[in-house]
Amino acid sequence: MAPMFLVSNKEMMEEAMSNGIAGCFPTLNYRKDGELKLILQQLNQHKISIANPGTYGVNLIVQKTNPLYKVHLKDCIDEKVPFFITSLGNPKEVIEAAHSYGGKVFCDVTNLEHAAKCASLNADGFIAVCQGAGGHAGPYPMSVLIPALKKEFPHIPVAAAGGIATGSGIISALAAGAEGVSIGTRFIACTEATVQQSYKDAVVNSGMEDVVLTERLSGTPCNVINTPYARKIGYKQNFFERWLNTNSTTKKIL
Ligand SMILES: Cc1cc2nc3c(=O)[nH]c(=O)nc-3n(C[C@H](O)[C@H](O)[C@H](O)COP(=O)(O)O)c2cc1C
């Protein structure tokens with residue numbers, strides 16, 4: 001169960017573990033003082049209370065734009081979080097810290113260049129973020145990115161992410177060479193997610209033609225439901241916006 005900002009929560013992690021899968025949540029979903037540490041302790045407690053549990057992990061944004069990165073990393077290391085998914089930035093520090101107690105680190109990658117960097121830092125696996133992924137998406141289809149990663153890095157496990165919501169979707173990712181899958185959007189509609197019912201209904205009732213790729217939310221191509229708001233802000237950045245987006249200081253102007 002993939003990490004989703006403002007969606008993933010403790011209850012979803014507990015259900016994931018009780019049902020034998022690996023759930024992951026962004027640490028930034030718990031931003032109040034001391035909140036994350038408490039959640040991690042409760043999750044560790046839940047994990048040892050059930051027979052044949054799955055596991056849980058956290059998603060850390062390893063970038064200067066995350067003001068809680070240092071505090072959250074310390075909480076996670078203190079509580080020996082079983083696994084991490086890192087996105088954006090350099091995962092070196094997380095990998096070294098997690099490996100000190102046997103924690104695993106999977107890095108979000110969208111191309112071979114990112115993957116080579118993560119492999120050189122001893123990442124334990126890749127989350128191959130492919131075309132069609134909910135939120136920020138990669139440029140390559142699953143049928144292309146997974147075999148390319150497996151050819152270049154045959155010993156590094158790959159979880160495929162992007163547009164998987166059914167058993168046949170899982171099988172197609174495994175057939176392409178992935179060891180596992182990372183599913184986000186489908187779980188927005190689960191009972192435990194504390195998002196509005198209208199959001200859950202939109203996820204259930206939307207089809208492929210209701211989803212659009214927009215650069216205008218964060219600068220990075222992002223798959224969203226084509227709501228009136230998405231139509232209002234538009235889908236493409238103009239030349240000036242693209243230029244502002246190339247630099248972390250000017251990016252704040254957008
Ligand atoms: C609402 C939403 C929020 C997301 N937030 C994050 C996040 O905070 N960090 C992250 O690494 N990935 C995030 N993702 C990406 C997911 O972890 C995962 O890669 C993606 O959902 C897989 O594609 P799918 O939604 O088609 O299953 C988010 C996805 C969605 C739909």
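Both ligands and their constituent atoms are indexed starting at 1 by order of listing.
A donor-acceptor contact under 3.5 angstrom links the side chains of N59 and S87, judged on distance only. Side chains of S18 and H46: a donor-acceptor N/O pair is present below 3.5 angstrom, by distance only. Judged by distance alone, the side chains of N66 and H72 never bring a donor and an acceptor atom under 3.5 Å apart. Side-chain contact, N9 with Y30: no donor N or O sits under 3.5 Å from an acceptor N or O.
Shown in contact with N59 at under 4.0 Å from a heavy atom are these atoms of ligand 1, numbered in order with element: 7 (C), 8 (O), 9 (N), 10 (C), 11 (O). Interface of S87 with ligand 1, defined as ligand atoms under 4.0 Å from a residue heavy atom, comprises 11 (O). For ligand 1, the atoms lying closer than 4.0 Å to a non-hydrogen atom of I183 are 27 (O). The distance from ligand 1 to the heavy atoms of G132 drops below 4.0 Å at these ligand atoms: 26 (O). Near G162, meaning under 4.0 Å from any of its heavy atoms, are these atoms of ligand 1: 22 (C), 23 (O), 26 (O). Atom numbering of ligand 1 starts at 1 in the shown order; those under 4.0 Å from a heavy atom of D108 are 11 (O).
A salt bridge is defined here as a Lys NZ or Arg NE, NH1 or NH2 lying under 4.0 Å from an Asp or Glu carboxylate O, and E14 with K10 meets this definition. Taking 4.0 Å as the cut-off between side-chain N and carboxylate O, K92 and E96 count as a salt-bridged pair. Between E93 and K70 there is a salt bridge, since at least one side-chain N of the basic residue sits less than 4.0 Å from a carboxylate O of the acidic one.
Between A2 and ligand 1, a contact under 3.5 Å exists for no N or O pair. Taking distance alone, with nitrogen or oxygen atoms compared against 3.5 Å, Y199 stays at or beyond that limit from ligand 1. Annotation: I188 places no N or O atom under 3.5 Å from an N or O atom of ligand 1; distance criterion only. Inclusion of A133 in the set of residues having an N or O under 3.5 Å from an N or O of ligand 1 is not warranted. For the pair T185 and ligand 1, the shortest N or O to N or O distance falls below 3.5 Å. On a distance-only criterion, F5 and ligand 1 share at least one N/O pair closer than 3.5 Å. Checking only distances, G163 does come within under 3.5 Å of ligand 1, N or O to N or O.
For the pair P157/F126, no side-chain contact is recorded, criterion being any heavy-atom separation below 4.5 Å from C-beta on. Residues E11 and T191 fail the side-chain proximity criterion, which asks for heavy atoms closer than 4.5 Å.
Residue contacts with ligand 1: V129 is excluded, as none of its non-hydrogen atoms falls under 4.0 Å. Within the structure, the closest approach of I85 to ligand 1 does not fall below 4.0 Å when heavy atoms are considered. Not a single heavy atom of F187 sits under 4.0 Å from any atom of ligand 1.
Closest to atom 27 (O) of ligand 1, if we only count protein heavy atoms, is G184 N, 2.8 Å. Distance from atom 30 (C) of ligand 1 to its nearest protein heavy atom, with residue and atom name: M4 CG, 3.6 Å. With respect to atom 19 (O) of ligand 1, the closest heavy atom belonging to the protein is A161 CB, 3.9 Å.
In this structure, of G134, A165, P26, the residue bringing a heavy atom nearest to atom 20 (C) of ligand 1 is G134. When the options P3, G135, A137 are ranked by their closest heavy atom to atom 6 (C) of ligand 1, first place goes to P3.
In this structure, the side chain of Q131 engages the main chain of P139 through a donor-acceptor pair within 3.5 Å.
With a 6.0 Å radius and a threshold of 12 heavy atoms from other residues, nucleotides or ligands, H114 has its NE2 atom at or below the threshold.
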*asked:* Run V204 and K200 through side-chain contact (heavy atoms from CB on, under 4.5 Å) and show every step you take.
replied: CA-CA 6 Å; V204 172; K200 296 184 183 187; 5.5 Å; no

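Ring pair Y56/F25 is parallel by interplanar angle, where below 30° counts as parallel and above 60° as perpendicular.
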